[in-house]
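Note that the coordinates shown come from a computational prediction; the quantities given were computed from them, not determined experimentally.
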Amino acid sequence: MKLCFLVEEQYRHDGMPVEVIRQLASWGHQVDVLRPGGSLLRLTEAVQTSIHDAWVLKTVSGGPGLTLLEAAASAGLTTINNVRAIRGVRDKALAAAIGLSRGLPLPATYAAALPELLLEIPESEYPIVVKPADGSSGRAVHLVSSPRRLAEMLPELAGEGMLIAQPYVPNSGVDIKVYSVGDELYATERRSPLNPDHAVRERRVPLSAEIAAIAGQVGMVYGLDLYGVDVVLGPNGPVVVDVNDFPSFRQVPDAPVRLARAVLALAAGAGGATAAAQPPLGAVPVPMTAGKTA
């Protein structure tokens with residue numbers, strides 16, 4: 001197979017996707033790497049002359065790679081994940097609207113183009129979590145205790161673009177991160193970015209049936225295949241607080257092999273000859289939805 005990976009500069013030496021690319025190459029597949037943020041791109045030529053079986057995106061949320069991936073999809077090329085799915089979760093305001101309308105357990109969500117508009121949120125909703133709608137990797141996530149504190153933070157929040165705010169879900173200070181790889185789910189426990197002093201170290205944990213069902217539902221609601229879901233255990237049960245396309249997959253055993261197999265299966269149409277040649281590694285089954293994007 002011939003694959004094209006769009007890799008942001010900050011990920012060029014990162015284990016994900018570098019190790020996946022190496023694994024694919026070791027199996028004899030051709031992998032070309034484009035760096036959308038570090039080179040001049042001839043967009044029309046890159047898309048119209050593409051000989052790749054699939055394009056894979058690993059970039060920051062606001063990076064230029066998604067534009068190129070959308071251009072490839074508009075030309076009928078296969079993308080992993082589906083470009084509409086990626087756009088749907090990278091805009092956190094849109095992701096909240098989609099998820100809440102489809103019954104996912106998400107917090108109530110406010111969105112504002114100007115930070116001062118968040119002052120209209122009722123005091124009864126505090127404490128609240130405020131973050132950029134296009135944020136990633138925990139950037140600029142704030143736990144705000146009161147309207148007065150929010151007013152003090154307005155200069156800090158200025159320039160972040162669209163913001164979202166959600167009532168804080170009381171929890172132990174630990175997030176459950178569920179990774180979906182192909183037809184498998186894996187759970188890890190890690191310190192919440194809102195509780196930086198918590199002593200817990202990231203580690204694999206058993207995946208409960210309830211959280212597995214939520215993680216599988218996330219994939220179906222957003223149309224994602226390779227993704228991560230952040231869940232907190234609140235007083236009323238699990239709550240989804242973030243969804244990421246193509247995350248780090250930390251703590252997933254044999255992650256490069258599993259990711260490489262999943263990419264090949266999706267590029268082949270989630271069940272073609274290439275997928276059949278790679279034996280499954282077994283875990284919790286979830287549906288595969290990616291393929292050709294018209």
Determine yes or no for a side-chain-to-main-chain donor-acceptor pair under 3.5 angstrom, with [X] supplying the side chain and [Y] the backbone.
| X | Y | answer |
| --- | --- | --- |
| Thr109 | Gln166 | no |
| Arg258 | Pro253 | yes |
| Asn82 | Arg84 | yes |
| Tyr227 | Ala215 | yes |
| Tyr222 | Ala95 | yes |

Next item on the list: Report the relative orientation of the aromatic rings in Phe5 and Phe246; use parallel for angles under 30°, tilted for 30 to 60°, perpendicular for over 60°.
Entry: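 The arrangement is perpendicular - the two ring planes meet at more than 60°.
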
Notebook entry, point to check: Rounded to the nearest 0.5 Å, how far apart are CG of Asn244 and CG of Leu226?
Noted result: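 It is 12.5 Å, given to the nearest 0.5 Å.
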
Notebook entry, point to check: Quick one: NZ on Lys2 to NE2 on His29, what's the gap to the nearest 0.5 Å?
Noted result: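 Going from the NZ atom of Lys2 to the NE2 atom of His29 covers 13.0 Å.
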
Checklist line | Check against side-chain contact (heavy atoms from CB on, under 4.5 Å), Arg190 and Asp230 | finding: CA-CA 10 Å; Arg190 64 180 190 175; Asp230 291 349; 3.2 Å; yes

Next item on the list: For Gln251, check side chain to side chain donor-acceptor pair (under 3.5 Å) against everything at least two apart and list the hits.
Entry: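 Scan of Gln251 (side chain to side chain donor-acceptor pair (under 3.5 Å), adjacent residues dropped) gives none.
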
Next item on the list: In plain terms, say whether Arg149 and Glu152 are close enough for a salt bridge, that is, a side-chain N and a carboxylate O under 4.0 Å apart.
Entry: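 Counted as a salt bridge, because a side-chain N and a carboxylate O are separated by less than 4.0 Å.
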
Margin query: Under a 4.0 Å threshold between the charged nitrogen and the carboxylate oxygen, would Arg87 count as salt-bridged to Glu70?
Written below: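 Salt bridge flag = yes for Arg87 with Glu70.
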
Note to self: Quick check on the hydrophobic clustering: are Val169 and Leu143 connected, directly or via other members, by side-chain heavy-atom contacts under 4.5 Å?
What the structure shows: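 In one cluster: no.
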
Check: What about Tyr126 and Leu118, same hydrophobic cluster or not, with Ile/Leu/Val/Met/Phe/Trp/Tyr joined at side-chain heavy-atom distances under 4.5 Å?
Finding: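 Looking at the clustering, Leu118 is in the same group as Tyr126.
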
